[in-house]
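For reference, the structure discussed in these notes is given below.
So that the names make sense, note that chain A is the first sequence line, chain B the second, and so on, each numbered from 1.
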There are 2 protein chains.
Amino acid sequence: MLQAVTEMMEGEGPTARQQDVLDAVLRLLVEEGDRLTMTAVARRASCSKETLYKWFGDRDGLLTATVQWQASKVRVPPVDRKGLDLVSLTASLERFASDWLRVISSDTSIALNRVGVVHAGSDKRDLGAIVLERGRFALGRRLKPVLEAGREAGLLEFDDAEEAFRTFFGLVARDVQIRLLLGDRLELTAAGIDGDAARATQQFLALHGAKTGPRAL
Amino acid sequence: MLQAVTEMMEGEGPTARQQDVLDAVLRLLVEEGDRLTMTAVARRASCSKETLYKWFGDRDGLLTATVQWQASKVRVPPVDRKGLDLVSLTASLERFASDWLRVISSDTSIALNRVGVVHAGSDKRDLGAIVLERGRFALGRRLKPVLEAGREAGLLEFDDAEEAFRTFFGLVARDVQIRLLLGDRLELTAAGIDGDAARATQQFLALHGAKTGPRAL
DNA sequence: GCGGCGCCGTACCGTACGTTACGGTTCGGC
DNA sequence: GCCGAACCGTAACGTACGGTACGGCGCCGC
C-alpha cells in the first residue's frame, strides 16, 4: 500500500485514466461535499474500489490527489513588466481581482476549501495546507511581482509587498469567501464581479498609489 | 423525540445543567473538531447519552444548541452617538477591529466556524447560517450605526453603509480568517492585533473619511 | 492462441458511531 | 417512609463506510 501512495506522490502526474477518476471525485465533491464515499467514487468513475486503493492508497490520498490535480489545472499567465504605466497596472490589478473573485465563488473552489477546512480541523492538516498553498499563497506569489514592478515604475508606494498584497486581498475578497463557505447564497454576476474588481483596484490605488501632486481620485 | 427538540427550540434558554453540558461540548469541539462523538460528550459532561437525546433530540440538535449558546454569550456594548468627533470615531473603529480580530482568531470561533462550514457543505445548512448570522452579520448590525453616525457628523462619506462596512471588514480581516480556518499557524499577538486594527482604521478613513480640505494622510 | 497482468464488479469483513434500552440511584413531594 | 420522575452509567443494536479479497474479462507481448 505504501508504494501505491508513492506511485502518485512523486514523478509525473496522473495518467489519463487517473485524471478521469480525479475529475469524477471533483464533481462528486461539489455535489456531496466531504461525505462522499469510496463506493460512490468507484461507481461514478466506473472503476473498482480496489483500483482506487491501489492508485491512491486510502481516502485521504484520493482527496489529496484530487486537490493537487485541480490546483495543477490552474495555469499562471506570466506578467510582462515592460512598458508599465498606470493604465496597464490598473488593468492588471483589475484582472487579478476579477479572476480571483471568479475562482473563490466557483462551486469547485468552495467544495475544495470546505474539504481543506474540515481536514484542518482533524489531525490531517495536509489538505488545508495544500489548499492554502495553492490558493491564497499562490495568488500572493503571482501578484507580488506586479506590485513590485508598479513600485519600481513609480506608480505604487509601499514598504512591504506582503502587507500590500494582504490589503489588496482584503479589498477584493471582503466577506465573500467566508459567506460562501458558510453556505450563504451569494449570487455574483459577471458584471458585479467586474464592478467589485474595479472598486477594489481603485481603493487599493487610493491607498498605495504614488502621490504625484494632488490626488487624482 | 420531537418534543425534545421543541423543549430547547422555543422559550427560555437552557438550564444551568444544560449550559454545563453545552460548555463541555464547546471545549470538546475546540479539542476534537467536528468528529466529537456523543459518547465523548456524555463522558466529558458526566451525563448519560439518554439525557443528551432527551434534551437535544439528536447530534445536530446538540451542535445547534451549542452554537447558539456560544453566540448568546457574546454581549453587545451599545454605542453612544453623542459628542462624536474624529478621535472618538477612530477609537470606536479601532476597538471594533481589534475585538473582531480577537474573536476570529480565538480557538472557539475557529472551531465553531469549522463546524458551520462542514454543515453548510451537507444538507443541514442551519449551522452555517447561524454562524454567519451571529458572526459576520451581527458585526455588520453593530457597526453600521457607528458608520452612519460618523456620516451624520460629517466625518465619513459613503453612499451605502453596507458596502462601507464590507470594505472595513475586508481591511480588518484580510486573509486572517481563511488562513486560520485552513489550519495556518498564525500567531496574533495582542500588539499585532492592535497594530492591525489601527492600520485598518486609518486605511478605512483614507478611503471614506470626509475630505475637508487637503487630505490629511 | 495463450499466459499473465491490470482492471471491473461485487461480496465481504471489521469497526466506529448514532441511537435506543435498561437497571440502579438520587431527590422532591406527600 | 414511599412513589415517581429525572438522570447516570453502560450495554446493546443497526448501519454506514473504509478497506480487502476474489472471480471474471479484456488486452498486450510472445
Side-chain angles (χ1 to χ4, degrees), chain A residues 1-8 11-12 14-25 28-29 31-67 115 118-119 121-124 126-127, chain B residues 1-8 11-12 14-25 28-29 31-67 115 118-119 121-124 126-127:
Chain A
M1 65 181 73
L2 197 51
Q3 73 274 23
V5 180
T6 313
E7 179 175 341
M8 282 292 309
E12 62 299 335
T15 68
R17 177 75 180 112
Q18 287 171 341
Q19 292 177 13
D20 291 342
V21 173
L22 295 179
D23 281 328
V25 176
L28 222 41
L29 220 42
E31 297 169 20
E32 306 264 329
D34 72 323
R35 62 201 165 131
L36 61 75
T37 68
M38 298 298 278
T39 304
V41 170
R43 192 160 42 228
R44 177 69 69 97
S46 294
C47 72
S48 73
K49 288 209 287 177
E50 188 184 38
T51 302
L52 291 181
Y53 284 101
K54 183 175 165 54
W55 284 349
F56 305 105
D58 59 5
R59 189 174 185 275
D60 270 336
L62 178 62
L63 290 179
T64 303
T66 302
V67 171
V115 172
V118 169
H119 271 67
S122 61
D123 295 333
K124 313 291 277 183
D126 310 352
L127 274 185
Chain B
M1 64 182 73
L2 198 52
Q3 73 273 21
V5 180
T6 313
E7 179 175 339
M8 281 293 309
E12 60 300 333
T15 68
R17 177 74 180 111
Q18 287 171 341
Q19 291 177 14
D20 290 342
V21 173
L22 294 179
D23 281 329
V25 176
L28 222 39
L29 221 42
E31 296 169 20
E32 306 264 332
D34 71 323
R35 62 203 164 130
L36 59 74
T37 69
M38 298 298 279
T39 304
V41 170
R43 192 161 43 226
R44 177 70 68 100
S46 295
C47 72
S48 73
K49 290 207 277 181
E50 187 184 38
T51 302
L52 291 182
Y53 284 99
K54 181 175 166 56
W55 284 348
F56 306 105
D58 58 5
R59 190 174 184 276
D60 269 336
L62 178 62
L63 290 179
T64 303
T66 303
V67 171
V115 173
V118 59
H119 270 67
S122 61
D123 295 334
K124 313 289 279 182
D126 311 353
L127 275 185

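At the heavy-atom level, Leu62(A) lies nowhere under 4.0 Å from the strands shown. At a threshold of 4.0 angstrom between heavy atoms, the contacts of Thr39(B) with the nucleic acid are absent. Arg35(A) comes within 4.0 angstrom of nothing in the nucleic acid, heavy atoms only.
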Show me the protein contacts with nucleotides 10-16 of chain C, counting only N or O atoms at under 3.5 Å.
none

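The pair Arg44(A)-Glu32(A) does not count as a salt bridge, with every side-chain nitrogen at least 4.0 angstrom from each carboxylate oxygen.
Looking at Leu63(A) and Leu29(A), their side chains come closer than 4.5 Å, going by heavy atoms from C-beta outward. Proximity of Leu22(B) to Trp55(B): side-chain heavy atoms (C-beta onward) are nowhere separated by under 4.5 Å.
Listed by chain and number, the residues in a side-chain hydrogen bond (donor to acceptor under 3.5 Å, both in side chains) with Asp20(B) amount to none (sequence neighbours excluded).
One atom, CZ of Arg17(B), and another, P of dT26(C), lie 16 Å apart when rounded to the nearest Å. Between the CZ atom of Arg59(B) and the C1' atom of dA16(D) there is a distance of 14 Å, given to the nearest Å. Counting to the nearest Å, the P atom of dC17(C) and the CG atom of Leu28(B) are 12 Å from each other. Protein atom NZ of Lys54(B) is 17 Å distant from nucleotide atom P of dT19(C), rounded to whole Å. Rounded to an integer number of Å, the gap from Tyr53(B) OH to dC13(D) C1' is 13 Å. We find that CZ of Arg43(B) is positioned 12 Å from C1' of dC17(C), with the value rounded to whole Å. In this structure, the CG atom of Leu52(B) is 11 Å from the P atom of dG9(D), given to the nearest Å. Atom CG of Asp34(A) and atom C1' of dA16(D) are 15 Å apart (whole Å).
For the OP1/OP2 pair of dG6(C) and a distance below 4.0 Å, the side-chain nitrogens and oxygens of Trp55(A) include no atom meeting the criterion.
Here the straight-line distance linking atom CG of Asp58(B) with atom CE of Met38(B) works out to 7.5 Å at 0.5 Å rounding. Rounded to the nearest 0.5 angstrom, Cys47(B) SG and Gln18(B) CD are separated by 10.0 Å.
For the residue pair His119(B) and Asp34(B), no side-chain donor N or O sits within less than 3.5 Å of a side-chain acceptor on the partner.
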